[in-house]
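Inspection log for the structure reproduced underneath, given as C-alpha cells.
Numbers for residues simply follow the sequence, beginning at 1. Atoms within a ligand are numbered from 1 in the order they appear, just like the ligands themselves.
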Amino acid sequence: MSNAAYRGRMAGEDAHRLGYRGVDDDPNADVLIAAMNATARWDATIRLRSWERAQLRLAPGERLLDVGCGLGEAALALAADLGEGGELVGVDASDRMLRVARSNAAGARCRVRFTVGDARALDDPDGSFDAARAERTLQWLPDPEEAVAELVRVVRRGGRVSLIDTDWSTFTIDVGNDAFAALVHDGLRTERHRASNVGRRLHELLGAAGCVQVATTEATQTWTTWDPDESPAPPGCFSMDSLADDLVAVGRLAAADRWWFVSTIHDAARRRQCSMRLTMFGVVGTRP
Ligand SMILES: C[S@@+](CC[C@H](N)C(=O)[O-])C[C@H]1O[C@@H](n2cnc3c(N)ncnc32)[C@H](O)[C@@H]1O
C-alpha cells in the first residue's frame with residue numbers, strides 16, 4: 001500500500017475526535033463499538049473485572065447500577081450474582097451503545113433496564129442501589145469528581161461503589177529506542193481535554209466522596225504482536241496517528257515529524273520489534 005493510500009485509510013478510520021464523549025455524533029460509531037468489544041477481551045480487563053466481582057460480593061435480590069455501561073457486557077456478567085429477584089440498571093450517554101447492550105441482555109435472569117442518562121446528573125433517588133460501578137467512563141468526563149459523587153449518592157449506606165479506569169500516562173512503547181520511549185512517556189503525562197490519567201486517582205476520588213474500606217488493584221495490558229497494515233492500532237487501543245496528534249498538541253512532537261513518528265512505530269511492529277504496555281486501575285469502597 002502506498003504511503004498516501006495508507007494515510008487516507010488511516011484518516012478515515014481514525015476520525016473520532018469526540019471519542020466516547022459523543023458516540024452518537026460520530027460518523028464511525030461502529031468503530032468505537034468494535035473497540036469496546038476488543039477492550040473487553042484484554043487480559044487486564046478480564047483480571048480487573050474478576051477482582052471487582054469478588055470485591056462487590058453481590059447477593060441475590062440486590063440492585064446494581066452501571067454508569068457509562070457501554071455494551072453492558074461487564075454489568076450483565078455481574079448480574080448473574082443478582083438472581084431472579086435482582087435488578088440491573090445500565091446508564092449511558094449513547095443510545096447506539098445501549099441498543100447493543102439491550103440485545104446483549106436477552107439471556108439475563110434478573111430485571112434489566114438500559115437507559116440514556118448523564119453520569120454527572122443521575123435520575124435515580126438517593127440510596128436506591130446496593131452497588132454502583134463505572135468502568136472507563138470517568139476518563140471521558142471533564143469533572144470525574146461530579147460523577148463519583150453521583151455514584152455514591154445513589155448507593156445505600158453499606159453499599160459498594162466500584163471504579164475501573166485506565167491511566168494513559170502509563171502507556172509505553174518500546175521500539176528499541178530509549179529517546180523514542182521517553183518522548184511518548186513525557187507526552188502522555190499531560191492530560192488533554194479529558195481526564196485521561198484518572199486511573200491513578202481512583203482511590204483518592206472514592207475517599208474524597210466519602211467511601212471507606214477502599215480496596216485497590218491494578219493490571220497491565222501488554223501488546224507484543226500487531227500488524228499495522230491490517231489495523232491502525234492494536235485491538236482496542238488508540239491509533240498511532242491519534243497518539244502523534246496528542247504529542248503534537250502538547251508540544252512534544254513537531255508537526256513535521258508526525259509521519260516519521262508513526263512510521264517508526266509501524267516499521268518496528270512489522271519487524272515484530274514493538275511492544276506496548278498500559279496500566280488500568282480498580283477500586284471498590286463502601287458507603288458508610
Ligand atoms: C470507553 S466506554 C466504556 C464502556 C464500558 N463501561 C466498558 O468498560 O466497556 C465509555 C462509555 O461512557 C459513555 N459516556 C461518556 N460520557 C458519558 C456521560 N456523561 N454519562 C454517561 N455515559 C457517558 C460512553 O457513551 C461510553 O459508552
Inset, instruction - Identify the two heavy atoms, one from Leu253 and one from Ala244, that lie closest to each other, and give their separation to 0.1 Å. - result: CD2-O, 3.9 Å

Check: residues 202-211 side-chain donor-acceptor pairs under 3.5 Å, at least two apart:
none

Legend entry - Atom pair OH/OG1 of Tyr20 and Thr137 - distance to nearest 0.5 Å: 11.0 Å

Inset, instruction - Tell me who clusters with Phe114, hydrophobic residues only, linked when side chains sit under 4.5 Å apart either directly or through other members. - result: Trp51, Leu56, Leu58, Leu64, Leu76, Leu78, Leu82, Leu88, Leu98, Val112, Val116, Val284

Legend entry - Arg49: side-chain hydrogen bond (donor to acceptor under 3.5 Å, both in side chains) partners, not counting sequence neighbours: Glu73, Glu135

Inset, instruction - Can you tell me which residues line ligand 1 if we count any heavy atom under 4.0 angstrom from one of its atoms, in chain and number order? - result: Tyr20, Val23, Met36, Arg49, Gly68, Cys69, Gly70, Glu73, Asp92, Ala93, Ser94, Met97, Gly117, Asp118, Ala119, Glu135, Arg136, Thr137, Trp140, Leu141

Inset, instruction - For residues His266 and Trp259, establish whether the separation of their ring centroids is below 6.0 Å. - result: no

